[in-house]
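Right, one structure below, let's go through it.
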Amino acid sequence: MLQKERIVFTLNLPPTDKLNGSALSINIKKDETGDELMPMVQRTVKFFTDSGAFKIRTAVATETIGKLDFVTFTLSSETKGVSVQSKNYSLRRNGYLVTISVAYIESENLSKMETILKQTEIF
């Protein structure tokens, strides 16, 4: 991993007869910027919402999950009459920027993915 610029992991929950599917993606990138995380995340939100394709659902904030402090926000996008949510988590750890995104329609799937996130060790 040290020789790679970025590594991405994805976990998908397939749809069932009661719930639509969801996806959790973990993006790990070597971070040499030294920029403060909160303003970086706020610029990212602005980029996506300025396009008009995404709306902010929950503002940029800090949230502790497990023992880790994340900068989080939630965006939504309408497609075919359905609101797809994307909750995003960012943190820095050992010289890496870790960005986790959970895309879902029903909050039950967000809850399932957050359970997985709580059990994930991030170096």
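If you're wondering where the values come from, they're calculated on a predicted model, not measured in any experiment. Just so it is clear, the values below take in all heavy atoms, side chains as well, and ignore hydrogens, waters and symmetry mates. Along the sequence shown, residues are numbered consecutively beginning with 1.
Of all heavy-atom pairs spanning Glu36 and Arg92, the tightest one is C-NH1, 4.0 Å. Across every non-hydrogen atom of Leu97 and Met40, the tightest pair is CD2-CE, 3.8 Å. When all heavy atoms of Leu37 and Ser90 are compared, the closest pair comes out as CD2-O, 3.7 Å. When all heavy atoms of Met38 and Ala61 are compared, the pair lying nearest together is CE-C, 4.4 Å. The nearest pair of heavy atoms linking Leu75 to Arg57 is C-CG, 3.8 Å.
Neither Phe73 nor Ile105 shares a network with the other; the hydrophobic side chains, linked directly or stepwise wherever heavy atoms of I, L, V, M, F, W or Y lie under 4.5 Å apart, form separate groups for each. By the criterion of side-chain heavy atoms lying less than 4.5 angstrom apart, applied directly or through intervening Ile, Leu, Val, Met, Phe, Trp or Tyr residues, Val8 is not grouped with Tyr96; the two fall into different hydrophobic clusters. Linking ILVMFWY side-chain heavy atoms closer than 4.5 Å, directly or via other members, places Leu24 and Leu91 in a single hydrophobic cluster.
With respect to the salt-bridge test (charged N to carboxylate O, under 4.0 angstrom), the residues Glu63 and Lys87 qualify.
Checked by atom type and distance alone, the side chain of Thr58 pairs as donor or acceptor with a backbone atom of Thr74 at under 3.5 Å. In this structure, Ser83 contributes its side chain and Glu78 its backbone to no donor-acceptor pair below 3.5 Å.
If you check the side chains of Thr64 and Asp69, you find a donor sitting under 3.5 Å from an acceptor. Side-chain contact check for Ser86 and Ser101: at least one donor-acceptor pair (N or O, by modelled atom type) lies under 3.5 Å.
Between Val71 and Val60 there is a side-chain heavy-atom pair separated by less than 4.5 Å.
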